[in-house]
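Since the structure comes first, as structure tokens, the remarks are kept for the end.
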Amino acid sequence: MPARRPARTSATRAGRFTVTDPATGEAVDTAPELRPEELDAVVDRARAAWDGWRSDPAARAAALRAAADAVEAAGADLAPLLTREQGKPLAESRAEVARTAARLRYFAALDHGRPRPLVDERPVRSELRWRPLGPVAAIVPWNFPLQLAAAKFAPALAAGNTVVLKPSPYTPLATMHLATVLSAALPADVLTVVTGREPLGARLVSHPGIRHVTFTGSIPTGRAVARAAADTLARVTLELGGNDAAILLEDVDVDAVADRLFWAAFRNCGQVCMAVKRLYVPARRHPEVVEALARRARDTVVGPGLDPATRLGPLNNAPQLARVAHRTRQALAAGARAAAGGGRLAGPGHFFAPTILTDVPAHSPIVTEEQFGPVLPVLPYTRLDDAVEAANGTGFGLGGSVWGTDLDRAEEVAGRLDCGTAWINHHAELSLAQPFAGTKESGVGVAGGPWGLYGNLQPFVVHRPEETCP
Ligand code: NAD
């Protein structure tokens, strides 16, 4: 009888669940399943640790700098573990560890809300001070477990909050190891990682001891988080799904941009909130662009992330593989053609061939919804206005890009995109100093840069008269 493949996150022994390697289907390890009553104790400890942590900004900054050093020193252990549970090539895991440390260092260096005078038209002296909010719940998806966790806990901790962090049950292991590494630099209970399957996240975001929920994940879960936080009126920051469009202009230099464009769609196996997920191309240039991308798709080495030759790993989990396969089949059944790829690859892992689709009906879900996988629909247009309208014509609004040789023209078109960030001849290149905020259903609130810090702070204003009252 063939051996049954272990389920991705099945309980293996009491109180633990299995985490599976998406490249092999084999277990990597188990992680603890937190019990509801234990969550109360975790939040209580985070609340108790807050008093000390909030009181000394200079000590906080020093601890965060030491934390960044500790993450870098642990890179040789963290990166392979991340690859084993997430699937991404080892080089990308190393880059993710580096970005995790960089976030800690960036927020350690920001001004943590020093008091400043306010202009007041009355004869009073007004001072604006910033106060931390209290214990923060941070919920993270499985595509960038470490760097998205750091994007949440680094500003929250720098602002003087304590954090309870819940990774995805598909990728808890590197985050658990990160917590151990950080415990050498941070006081006890300032950052606690809790692991488990749902309803752990739902319980955490509705916990009365939590004062700010910072969530990254899909739009449907984001709605559930917002509804749950309504009961406690905790602050909510939501970074949600994207369906970014890239528009190529008539004068685009395909040879010059094809590599960058390809990887903007396929990096991390397309499992990037800000990946290029739809490509609009002038009809006259369409065959040339399809061929350039299809050639790259066919030449890309797909395999286990630990193999140094691999450029594209597996999809992270079975439901995501099924979703991508379903959307691709749907498009092919509706008349689309695969210029490269088109389906799952044989073998035990969650491998899917990098796929370039043409002749895709505009209403196909692979165009209107987020595929979050290695499949790119390439859509021809004749009028640029129609391409801009199509790019803006979904409920998503995370990012977008315009590609062409005349940069002024490209910038003018980019300015018409309804999204949080628009790039020219690039996509998904983010600076730590910039605000990160999707429009429409792609997000609520602002992360990144000083805005990310202030999202974790409460303004507090003190008025005093210039002179003693008569
Ligand atoms: P998901 O919404 O399924 O899960 C995200 C996290 O929420 C996980 O930790 C999950 O366990 C937890 N969760 C599930 N139900 C919950 C509930 N009711 N209450 C609280 N937490 C709950 O998303 P995913 O499949 O892990 O990640 C993929 C999605 O994330 C994509 O839509 C992608 O675009 C999005 N994403 C967005 C950004 C961004 O910055 N905007 C970045 C990365 C990923």
Side-chain angles (χ1 to χ4, degrees), residues 2-46 74 77-88 93 96-97 100 137-146 148-149 152-153 163-184 186 188-207 210 215-217 221 304-306 313-322 348-350:
R4 275 190 59 182
R5 259 165 62 183
R8 185 73 174 88
T9 56
S10 63
T12 44
R13 58 179 196 265
R16 298 189 74 86
F17 59 95
T18 303
V19 180
T20 309
D21 182 338
T24 62
E26 288 163 10
V28 181
D29 204 343
T30 62
E33 185 92 69
L34 196 86
R35 293 195 310 272
E37 61 275 21
E38 291 174 315
L39 183 61
D40 290 339
V42 166
V43 176
D44 284 350
R45 286 199 297 272
D77 296 330
L78 279 168
L81 184 56
L82 179 59
T83 287
R84 287 196 67 206
E85 66 174 349
Q86 204 286 331
K88 64 185 64 186
S93 290
E96 182 164 345
V97 172
T100 302
I139 310 255
V140 178
W142 44 258
N143 58 339
F144 290 96
L146 298 184
L148 290 177
K152 300 192 170 311
F153 67 66
V163 176
V164 180
L165 166 66
K166 193 202 79 66
S168 166
Y170 291 114
T171 52
L173 301 175
T175 312
M176 286 161 55
H177 189 59
L178 178 71
T180 307
V181 167
L182 293 175
S183 67
L186 301 176
D189 301 324
V190 155
L191 172 68
T192 308
V193 171
V194 295
T195 58
R197 294 163 295 178
E198 283 313 302
L200 177 60
R203 287 208 176 99
L204 176 59
V205 299
S206 56
H207 197 287
I210 293 295
F215 170 86
T216 297
T221 313
L306 290 178
L315 284 151
N316 172 257
N317 57 75
Q320 189 55 28
L321 174 66
H350 302 147

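All heavy atoms count here, side chains included; hydrogens, waters and symmetry mates do not.
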Original post:
What residues form a side chain to side chain contact (heavy atoms under 4.5 Å, CB included) with A179, not counting sequence neighbours?
Top reply: V193
Original post:
Is there a side-chain contact between P32 and M176 (heavy atoms, below 4.5 Å)?
Top reply: yes
Subject >> side-chain hydrogen bond (donor to acceptor under 3.5 Å, both in side chains) against T221, all qualifying residues, sequence neighbours excluded >> reply: S218
Original post:
Which distance, rounded to the nearest 0.5 Å, do you find between the CG of D44 and the NE2 of H207?
Top reply: 6.5 Å
Subject >> Short side-chain to backbone donor-acceptor contact, N316 and E85, under 3.5 Å >> reply: yes
Subject >> Value rounded to 0.5 Å, distance of CG in L165 from CG in L204 >> reply: 9.0 Å
Original post:
Roughly how far, to the nearest 0.5 Å, is the CG atom of L146 from the CG atom of L178?
Top reply: 5.5 Å
Original post:
Looking only at atom types and distance, does a side-chain atom of T83 sit under 3.5 Å from a main-chain N or O of P80, one as donor and one as acceptor?
Top reply: no
Original post:
How long is the gap from CG on L82 to CZ on F144, to the nearest 0.5 Å?
Top reply: 9.5 Å
**OP:** Taking side-chain hydrogen bond (donor to acceptor under 3.5 Å, both in side chains) as the test, write out the residues that go with H177, two or more places apart.
**Re:** none
Subject >> Listed partners of K152 passing salt bridge (charged side-chain N to carboxylate O under 4.0 Å, His left out), at least two apart >> reply: E239
Subject >> For V42, side chain to side chain contact (heavy atoms under 4.5 Å, CB included) partners two or more places apart >> reply: R45, V164, T192, V194
**OP:** For a side chain to side chain donor-acceptor pair (under 3.5 Å) with R16, tell me which candidate from D29, T195, T30 qualifies.
**Re:** T30
**OP:** Report the C-alpha distance between Q86 and E96 in whole Å, list the side-chain angles of each, state the deciding distance to 0.1 Å, and finish with yes or no for side chain to side chain contact (heavy atoms under 4.5 Å, CB included).
**Re:** CA-CA 12 Å; Q86 204 286 331; E96 182 164 345; over 6 Å; no
**OP:** Quick one: list whatever passes side-chain hydrogen bond (donor to acceptor under 3.5 Å, both in side chains) with D77, sequence neighbours left out.
**Re:** none
**OP:** Report the residues that fulfil side chain to side chain contact (heavy atoms under 4.5 Å, CB included) with A79, sequence neighbours left out, ordered by chain and then residue number.
**Re:** L90, S93, R94, V97
Original post:
With no hydrogens and no angle check, is any side-chain donor or acceptor of Q320 less than 3.5 Å from a backbone partner on N317?
Top reply: no
Subject >> Stepwise side chain to side chain contact (heavy atoms under 4.5 Å, CB included) test for F153 and L186 >> reply: CA-CA 12 Å; F153 67 66; L186 301 176; over 6 Å; no
Original post:
With a 4.5 Å limit on heavy-atom distance, are the side chains of P141 and L148 in contact?
Top reply: yes
Original post:
salt bridge (charged side-chain N to carboxylate O under 4.0 Å, His left out) with R203: which residues, sequence neighbours excluded?
Top reply: none
Original post:
Quick one: salt bridge (charged side-chain N to carboxylate O under 4.0 Å, His left out) partners of E198, sequence neighbours excluded?
Top reply: none
Original post:
In Å and rounded to the nearest 0.5 Å, what is the NZ to OG1 distance from K166 to T175?
Top reply: 10.0 Å
Original post:
Can you name the side chain to side chain contact (heavy atoms under 4.5 Å, CB included) partners of S168, sequence neighbours left out?
Top reply: W142, Y170, T171
**OP:** Verify side chain to side chain contact (heavy atoms under 4.5 Å, CB included) between V205 and I210, making sure each step is shown before the conclusion.
**Re:** CA-CA 7 Å; V205 299; I210 293 295; over 6 Å; no
Subject >> Spatial distance of atom CG (L34) from atom CZ (R197) [nearest 0.5 Å] >> reply: 12.5 Å
